[in-house]
Colleague: 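Here it is, the structure in full.
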Protein chains: 2
Amino acid sequence: MTSKGLSAQNISCQNCSLSQLCLPYSLDSDSLSKLDDIIERHKPLHKRDRLFSAADKLQCLFAVRSGSFKSFTINQDGEEQITGFHLPGDLIGFDAIHEQQHQTYADALETSMVCKIPYTILDDLGVQIPALRQQMMRLMSAEITADKRLHNVINNKSAEQRVATFIATLANRFGERGLSARQFRLSMTRAEIGNYLGLTVETVSRLMNRLQNDALIDIDGKFIHILDAAKLAALAQQNRDSPCKLT
Amino acid sequence: MTSKGLSAQNISCQNCSLSQLCLPYSLDSDSLSKLDDIIERHKPLHKRDRLFSAADKLQCLFAVRSGSFKSFTINQDGEEQITGFHLPGDLIGFDAIHEQQHQTYADALETSMVCKIPYTILDDLGVQIPALRQQMMRLMSAEITADKRLHNVINNKSAEQRVATFIATLANRFGERGLSARQFRLSMTRAEIGNYLGLTVETVSRLMNRLQNDALIDIDGKFIHILDAAKLAALAQQNRDSPCKLT
DNA sequence: CGCCTGGTTGATAAAATTCAAAACTTGTGG
DNA sequence: CCACAAGTTTTGAATTTTATCAACCAGGCG
């Protein structure tokens with residue numbers, strides 16, 4: 001341990017396992033160290049801690065270092081609409097760039113750590129380091145594509161297909177991060193899944209249990225074990241009125 | 001008329017009425033002329049003409065100059081899912097940046113003109129002109145925010161509220177472009193509106209007629225006349241389970 | 001003129017919501 | 001470390017919204 005303190009705070013982009021997903025992608029070591037210099041790393045956030053609120057001035061973008069977050073809006077009736085779940089390597093806050101203020105709230109779903117990236121400094125650094133600017137664009141572009149996919153899921157899939165898609169997508173995302181795509185823990189509640197997918201808690205619960213009865217997955221509370229990834233993927237890829245159903 | 005040909009092709013960013021919405025926003029006249037130099041303007045596209053297809057290599061981004069477009073994906077059953085409608089000043093193609101290939105198709109909904117912006121040149125120009133890069137980011141950020149709003153609309157609003165939101169949003173967008181926010185022509189069919197909003201044609205038709213019966217709007221085929229913008233906006237802002245309904 | 005696309009209307013059906021209640025977890029403070 | 005409270009998940013029955021199916025109308029274009 002160095003004099004800087006906790007080992008968790010000594011993490012740098014140079015040795016971060018998430019660099020392939022995150023901003024550092026394709027940076028040379030000199031650029032990487034310039035980026036690393038502007039990033040702040042603080043103590044972990046705990047479940048329900050707020051990273052930022054809607055209407056907050058954009059100061060920083062955040063990269064999830066560990067744990068997970070939800071981002072959401074609150075409508076005039078005081079109800080929340082979850083707009084995304086964020087896993088390690090994800091950047092949070094792109095929607096704040098347009099108006100220079102956050103458009104959503106972001107809360108930790110479990111004990112989590114973030115890398116805090118001051119936006120104006122990042123923006124300046126983008127001038128010196130074209131690859132950094134390009135990676136930011138790529139990540140924003142990927143978020144746009146993901147939003148269109150979600151639109152497609154919600155508009156064209158039955159409740160069961162949506163839940164299957166949600167689990168399959170989450171599994172893939174864990175896989176991309178070097179974690180098991182077969183077994184994982186859901187850091188969000190059934191209600192939060194339903195809110196995101198445009199379904200009620202009851203529907204999510206019923207359909208997750210149906211997937212278990214059909215032996216596609218095994219559920220133990222928050223823990224999911226995917227038993228038949230192929231069938232799950234096939235179900236997830238179907239649309240409401242696909243010609244032929246699986247057996 | 002100059003020797004260059006049709007006056008429509010002599011339009012430049014310098015004299016374009018849409019520059020406040022589009023890429024030129026906040027550029028000085030020198031930068032503006034650099035941007036203008038890389039932009040190609042061709043003959044108009046006609047209704048149903050395709051601007052690009054999913055999986056096409058990203059060559060250019062497109063700015064709508066006049067007319068309108070829909071962008072959409074086609075799923076494995078061959079059915080389309082419309083992901084956006086594009087009006088003059090809108091940039092199309094941001095979702096192609098991530099994989100360097102288009103993720104959607106884009107078709108003209110009526111006779112339309114576009115400004116074609118070669119992407120790699122634009123990217124290079126972003127190095128010289130920070131304001132241009134920043135505006136690109138702002139526009140991408142705005143698209144992300146708009147996608148989250150749509151997610152909220154589809155997840156939380158009844159069919160009637162969705163249709164009201166669609167019309168009210170379109171009216172605002174026309175207003176921002178210096179056109180009438182009170183009266184306009186829908187360049188998309190009822191089926192396309194339904195596809196976008198996650199509703200069937202029949203439902204869209206019934207509910208548009210309901211809005212007419214309730215004297216919020218007047219419909220004459222494709223033409224919409226907003227009679228009570230306040231009530232329409234109020235209906236659009238409601239959510240499925242808002243405590244009190246309007247009279 | 002007749003065909004095709006787009007739009008409307010009505011009757012019926014299905015999927016998911018709502019409401020209600022109970023069982024199970026998790027967290028907190030004594 | 002236990003007990004209680006709060007939050008979460010599950011299950012069942014009734015309801016509702018919107019989709020589906022079917023038919024028909026209007027208009028534009030070859």
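Each chain gets a letter, A, B and so on, in the order its sequence line appears, and its residues count up from 1.
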Colleague: Looking at B/Leu235, is its backbone amide N or carbonyl O close enough to the side chain of B/Gln238 to form a donor-acceptor pair, meaning the two atoms are under 3.5 Å apart?
Modeller: no

Colleague: What is the nucleic acid contact for A/Gly194, judged by heavy atoms within less than 4.0 Å: base, sugar-phosphate only, or nothing?
Modeller: nothing

Colleague: Rounded to whole angstroms, how far apart are CG on A/Asp241 and C1' on D/dC21?
Modeller: 14 Å

Colleague: For B/Thr111, check side-chain contact (heavy atoms from CB on, under 4.5 Å) against everything at least two apart and list the hits.
Modeller: B/Pro44, B/His46

Colleague: Could you give the CZ-to-P distance, from B/Arg240 to C/dT18, as a whole number of Å?
Modeller: 7 Å

Colleague: Between A/Arg162 (CZ) and C/dA15 (P), how many Å, whole number?
Modeller: 13 Å

Colleague: Show me, pair by pair, the donor-acceptor contacts under 3.5 angstrom made by side chains of residues 214-226 of chain A, not counting sequence neighbours?
Modeller:
{"residue": "A/Lys222", "atom": "NZ", "partner": "A/Met188", "partner atom": "O", "Å": "3.3"}

Colleague: Mind checking what makes ring-ring contact (aromatic ring centres under 6.0 Å, His included) contact with A/Tyr105, not counting sequence neighbours?
Modeller: A/Phe72

Colleague: To the nearest Å, give me how far apart CD (A/Glu192) and P (D/dT9) are.
Modeller: 8 Å

Colleague: Generate the contact string for nucleotides 6-14 of chain C. Rules: B means base contact, S means sugar-phosphate contact only, - means no protein heavy atom under 4.0 Å.
Modeller: SSBBBB---

Colleague: Using side-chain hydrogen bond (donor to acceptor under 3.5 Å, both in side chains) as the criterion, list what pairs up with B/Asp49, not counting sequence neighbours.
Modeller: none

Colleague: Mind checking what makes ring-ring contact (aromatic ring centres under 6.0 Å, His included) contact with B/Phe69, not counting sequence neighbours?
Modeller: none

Colleague: For B/His151, enumerate each residue passing the ring-ring contact (aromatic ring centres under 6.0 Å, His included) test, keeping only those at least two apart in sequence or located in another chain.
Modeller: A/Tyr196

Colleague: Starting at atom CG of A/Asp220, determine the distance to atom P of C/dC24, rounded to an integer number of angstrom.
Modeller: 14 Å

Colleague: Salt bridge check: are A/Lys148 and B/Asp147 linked by an N-O gap of less than 4.0 Å?
Modeller: yes

Colleague: Just list the side-chain donor-acceptor pairs under 3.5 Å for residues 167-178 of chain B, sequence neighbours left out, or say none.
Modeller:
{"residue": "B/Thr169", "atom": "OG1", "partner": "B/Thr165", "partner atom": "O", "Å": "2.7"}
{"residue": "B/Arg173", "atom": "NH1", "partner": "B/Phe85", "partner atom": "O", "Å": "3.4"}
{"residue": "B/Arg173", "atom": "NH2", "partner": "B/Phe85", "partner atom": "O", "Å": "2.9"}
{"residue": "B/Arg173", "atom": "NH2", "partner": "B/Asp90", "partner atom": "OD2", "Å": "2.7"}
{"residue": "B/Arg177", "atom": "NE", "partner": "B/Pro88", "partner atom": "O", "Å": "2.4"}
{"residue": "B/Arg177", "atom": "NH1", "partner": "B/Arg173", "partner atom": "O", "Å": "2.9"}
{"residue": "B/Arg177", "atom": "NH2", "partner": "B/Asp90", "partner atom": "OD1", "Å": "2.7"}

Colleague: To the nearest Å, how far apart are A/Lys157 NZ and C/dA15 P?
Modeller: 17 Å

Colleague: Whole angstroms only, please: what is the CD-P distance between A/Glu110 and C/dT26?
Modeller: 14 Å

Colleague: If I take atom CD1 in residue B/Ile193 and atom P in nucleotide D/dT18, what distance separates them, rounded to the nearest angstrom?
Modeller: 17 Å

Colleague: Tell me, please, which residues at least two apart from A/Glu202 pass salt bridge (charged side-chain N to carboxylate O under 4.0 Å, His left out).
Modeller: none

Colleague: Determine to 10° how strongly the helix from C/dC1-D/dG30 to C/dG30-D/dC1 is bent, judged from the axes of its five-pair ends.
Modeller: 40°

Colleague: From the options D/dT20, C/dT18, D/dT18, select the nucleotide whose nearest atom is closest to the side chain of B/Thr200.
Modeller: D/dT20

Colleague: Using the side-chain hydrogen bond (donor to acceptor under 3.5 Å, both in side chains) criterion, which residues pair with A/Asn209? Sequence neighbours excluded.
Modeller: none

Colleague: Dump every N/O contact between nucleotides 26-30 of chain D and the protein below 3.5 Å, one line per pair.
Modeller:
none

